[in-house]
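Worth knowing before you read on, the calculation uses all heavy atoms, side chains too, and leaves out hydrogens, waters and symmetry mates. On a predicted model such as this, the values are computed, not experimentally measured, just so you know. Below, chain A is the first sequence line, B the second, and so on; all start at residue 1.
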2 protein chains.
Amino acid sequence: MKTKERIVRSTARLMQRQGYAATGLKQISQESGATLGSVYHFFPGGKAELAIAAVRHGGKEFADMLRETLEREDDPATAIAACADELAEGMRASQWQDGCPIVITALESAGRALDIQRAAEEEFAAWRELVSGKLRRTGYPEDVARELAHTVISTLEGAEMAAQVGESEEPLRLAGRHLARLITSYRP
Amino acid sequence: MKTKERIVRSTARLMQRQGYAATGLKQISQESGATLGSVYHFFPGGKAELAIAAVRHGGKEFADMLRETLEREDDPATAIAACADELAEGMRASQWQDGCPIVITALESAGRALDIQRAAEEEFAAWRELVSGKLRRTGYPEDVARELAHTVISTLEGAEMAAQVGESEEPLRLAGRHLARLITSYRP
DNA sequence: GTCTATAAAGCGATAGAC
DNA sequence: GTCTATCGCTTTATAGAC
């Protein structure tokens, strides 16, 4: 694997677990097997530029999972519940270590590092668009789909946070069931 | 105001906005108007002990808002929507600066600082208990109330995060409406 | 592109006078 | 309880050889 990609992956992984402030460039250099000089060679903008790349990387990763799981089921309500279950399994498999790949960095940067914040917001919007598209293709009116997508992503995010802090799959399992019921109640 | 409380309030405020790692003891000492010596006098356990006190403080603050807003409306669905609106207004009023008082610290500590994580989980559980109690008093069966309370808190948390990063009230407004609909659909 | 060395600043934490 | 000074370490970032 290319050095630059190793650096991005390590940064994404570390910031997913520790956040932006707690992740040091030395740690990134060590974990990725690149020297500090190489890190600055590829990312002359330093830590902030690395964080943006990590947010983009984590955002794509989450989007891939979402896209694949949504395609696996026809009914959007069942599909969203499957996404929640998928997240619950990933969470347990990592022993509650791997939550949302970008949420800590997004919150830390809010109001203080505008380009990181904007990158995170764009990834969130892409996730919502995936959910919204699934709903529209199943016949939901555009505004209903757009609004439901907001709440689906919000609820998955919140439940993943609760699952991680509480070290339990339950918040995600319940979120999946409740979201499915909510989506069904709007069925066209 | 007593020195100790000034320190706790400043810590809570700073960690709400910046998180644990990015908040320095020097900054706490400066913002609270107490010297570093005083900070260590009241919190010999240092930064970790301060974080626990801040999480407790922020947790109580959020619980107070929740309790008051829930009491203001009879119907639990309307009451939860009112909570979401209240959060949206607070968010806009602070220009998207003041999100959930403990979520960044909770996520940063997950799996790495067990006593901080546990304190955060206890505060989350207390919030869920407030929602669950409101539902039970309105006739919802105990298990339905408990499960709905999980999703209500998850969704509010996720929507508050989305509102902060996206600098928009919309995620919270939508979350309130959708949660009200979900709760109503379980009405006994 | 990779590597080492280092600068400049800030960190958490402690000591001890008052 | 309050205050200042300081220790030891780590941080981001840069310089320059290879």
Side-chain angles (χ1 to χ4, degrees), chain A residues 1-55 57 104-105 108-109 111-117 119, chain B residues 1-57 104-117 119:
Chain A
M1 201 193 308
K2 284 233 181 294
T3 303
K4 185 169 181 178
E5 203 189 326
R6 285 207 321 274
I7 294 171
V8 172
R9 284 167 112 96
S10 295
T11 307
R13 213 179 104 99
L14 287 166
M15 290 192 180
Q16 172 180 37
R17 299 190 175 184
Q18 308 176 333
Y20 177 81
T23 299
L25 294 182
K26 286 243 171 71
Q27 200 180 5
I28 291 169
S29 142
Q30 201 170 341
E31 190 117 340
S32 65
T35 62
L36 199 55
S38 293
V39 173
Y40 274 101
H41 171 75
F42 288 110
F43 299 92
K47 199 176 175 179
E49 191 183 344
L50 270 165
I52 294 174
V55 164
H57 180 88
I104 310 185
T105 304
E108 282 179 290
S109 72
R112 351 185 68 74
L114 296 180
D115 38 1
I116 305 177
Q117 178 182 356
Chain B
M1 199 195 307
K2 284 236 182 294
T3 303
K4 184 169 182 177
E5 204 189 326
R6 283 205 324 272
I7 295 170
V8 173
R9 285 165 111 95
S10 296
T11 307
R13 214 178 102 99
L14 288 166
M15 291 192 179
Q16 172 181 35
R17 300 190 174 182
Q18 310 178 333
Y20 178 82
T23 299
L25 294 182
K26 288 243 171 74
Q27 200 181 4
I28 291 170
S29 143
Q30 201 169 341
E31 190 116 340
S32 66
T35 62
L36 198 56
S38 292
V39 172
Y40 274 100
H41 171 76
F42 288 111
F43 299 93
K47 199 177 175 179
E49 190 183 346
L50 270 165
I52 294 175
V55 164
R56 299 288 185 204
H57 180 88
I104 310 185
T105 303
L107 285 169
E108 283 178 289
S109 72
R112 353 184 65 76
L114 296 179
D115 38 0
I116 304 176
Q117 177 181 359

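Helix-axis bend for the helix from dG1(C)-dC18(D) to dC18(C)-dG1(D): the local axis fitted to the five terminal pairs at one end deviates from that at the other end by 0°, rounded to 10°.
The backbone N or O of G19(A) sits nowhere less than 3.5 Å from a side-chain atom of T105(A) that would complete a donor-acceptor pair. Although no hydrogens or angles enter the test, the distance criterion places no donor-acceptor pair under 3.5 Å between the side chain of S29(A) and the main chain of L25(A). Under the 3.5 Å distance criterion, the side-chain polar atoms of Q117(A) are matched with a main-chain donor or acceptor of G111(A). Using a distance-only test at 3.5 Å, with no hydrogens or angles considered, a donor-acceptor pair links the side chain of K47(B) to the main chain of Y20(B). Panel note: side chain E31(B), backbone L14(B); no donor-acceptor pair is recorded below 3.5 Å.
For T35(B), the side-chain atoms get nearest to dT2(D) when compared with the rest of dT2(D), dT11(D), dA5(D). Checked against dA13(D), dT2(D), dT11(D), the side chain of K26(A) finds its nearest nucleotide in dT11(D). If you check dT4(D), dG12(C), dT14(D) against the side chain of Y40(A), the one that comes closest is dT14(D).
DNA chain C lies under 4.0 Å from at least one heavy atom of each of the following residues of residues 41-54 of chain A: H41(A), F42(A).
Heavy atoms of T23(B) sit under 4.0 angstrom from primed sugar atoms or phosphate atoms, though from no base atom.
Here the C1' atom of nucleotide dT12(D) and the CG atom of L14(A) are 16 Å apart, to the nearest Å. Counting to the nearest Å, the P atom of dT10(D) and the CD atom of Q30(A) are 12 Å from each other. Here the C1' atom of nucleotide dT12(D) and the CD1 atom of I28(A) are 11 Å apart, to the nearest Å. One interatomic measurement links the two molecules: CG of L36(A) to C1' of dG16(D), which rounds to 14 Å at whole-angstrom precision.
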Item to complete: Might you work through the side-chain contact (heavy atoms from CB on, under 4.5 Å) test for F43(B) and V8(B), ending with a clear yes or no?
Response: CA-CA 10 Å; F43(B) 299 93; V8(B) 173; 3.5 Å; yes
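Within a 6.0 Å sphere centred on CD of Q27(B), other residues, nucleotides and ligands contribute more than 12 heavy atoms. Around atom CZ of R17(B), more than 12 heavy atoms belonging to other residues, nucleotides or ligands sit under 6.0 Å away.
An OP1 or OP2 oxygen of dG1(D) is reached within less than 4.0 angstrom by no side-chain nitrogen or oxygen of S38(B).
For the pair A34(B) and A22(A), nearest-nucleotide mapping onto DNA chain D gives the more 5' position to A34(B). In this structure, G37(A) and Q27(A) both approach DNA chain D, and ranking their closest nucleotides by distance from the 5' end singles out Q27(A).
Atoms NZ and CZ, from K2(B) and R9(B) in turn, are 13.5 Å apart once rounded to the nearest 0.5 Å.
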